[in-house]
Amino acid sequence: MIGILAVQGGVQEHERTLDRLGVPHRQVRRIEHLEGLSGIILPGGESTTMSKLLELGGMLHPLCDALASGLPAYGTCAGMILLASEILDTRPDAHSLDAIDMTVRRNAFGRQVDSFEADLDVAGIPAPVTAVFIRAPWVERVGDQVEVLARVPSGPAAGAIVAVRQGRCMATSFHPEVTENTSVHQLFLQMVAEAGYVHHLPEQEVTAQRV
Ligand code: GLN
């Protein structure tokens with residue numbers, strides 16, 4: 001069972017991609033929706049709004065704890081921003097989940113190139129991936145544990161890091177879920193299968209839900 005964080009943003013596109021792959025999924029809006037998950041997708045959208053809604057819903061810490069316990073995660077765009085340890089050009093009250101040791105800059109490609117496509121070589125995927133970028137972040141720093149999976153191949157942003165992996169967490173600046181290509185999701189599902197993890201909420205959170 002794969003969860004898709006559904007507090008805000010492009011949830012349906014990921015649902016469609018998982019449907020196409022025949023993978024069961026569930027929207028994650030409340031703490032109890034984390035129970036029994038083997039992986040979670042954090043979609044694109046607006047990262048500061050997602051951060052606020054996670055905070056208001058009491059989800060920030062349970063989600064951080066789930067990731068720290070080993071729940072595999074895949075973040076696209078705003079989801080990538082949420083997974084970062086450090087965010088540049090954000091609001092001072094925005095939170096991140098601190099799951100990947102990286103510094104991410106929001107809206108990094110600038111207004112002129114709000115949205116664009118590029119064919120990318122992604123490590124672990126045999127054929128190039130058509131990557132759709134929408135007000136996308138890029139990664140400005142990665143820690144020693146982080147594997148860079150893709151960089152922008154050419155143009156003014158050539159060399160910018162746009163796909164990474166650290167352990168069981170993966171993130172892309174771009175949106176494979178808006179294309180027909182399922183290969184990036186398949187790469188994530190392979191990580192999920194290798195991890196063989198099933199998340200169980202700590203007893204105090206289960207109890208807190210009952211009262
Ligand atoms: N610019 C958005 C943010 O900062 C991300 C855009 C997206 O997810 N397509 O959260």
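As the structure is a prediction and not an experimental result, all values here were calculated from the model. Counting starts at 1 for both ligands and their atoms, following the listed order. In what follows, residues are counted from 1 in the order of the sequence shown.
Side-chain contact check for Glu15 versus Ile4: some heavy-atom pair is nearer than 4.5 Å.
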What are the distances between nitrogen or oxygen atoms of ligand 1 and protein nitrogen or oxygen atoms, counting only those under 3.5 Å?
unit_1	atom_1	unit_2	atom_2	d
ligand 1	1 (N)	Asn107	OD1	2.6
ligand 1	1 (N)	Arg135	O	2.9
ligand 1	4 (O)	Ser47	OG	3.4
ligand 1	4 (O)	Arg106	NE	2.6
ligand 1	4 (O)	Arg106	NH2	3.0
ligand 1	8 (O)	Gly45	N	2.9
ligand 1	8 (O)	Gly45	O	3.2
ligand 1	8 (O)	Ala78	N	3.0
ligand 1	9 (N)	Ile134	O	3.0
ligand 1	9 (N)	His175	NE2	3.0
ligand 1	10 (O)	Ser47	N	2.5
ligand 1	10 (O)	Ser47	OG	2.8

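Contacts classified as side chain to side chain donor-acceptor pair (under 3.5 Å) and involving residues 164-174 (residues at least two apart or in different chains) are given here: Tyr74-Thr172. Applying the salt bridge (Lys or Arg N to Asp or Glu O under 4.0 Å) test to every pair with at least one member in residues 141-160, sequence neighbours left out, gives these pairs: Asp101-Arg141.
Partners of Gln190 by side-chain hydrogen bond (donor to acceptor under 3.5 Å, both in side chains), not counting sequence neighbours: none found.
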May I have the step-by-step check of side chain to side chain donor-acceptor pair (under 3.5 Å) for Thr76 and His14, ending in yes or no?
CA-CA 10 Å; Thr76 58; His14 285 288; 3.2 Å; yes
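The neighbour count for Gln12 CD, taken as heavy atoms of other residues, nucleotides or ligands under 6.0 Å away, does not exceed 12.
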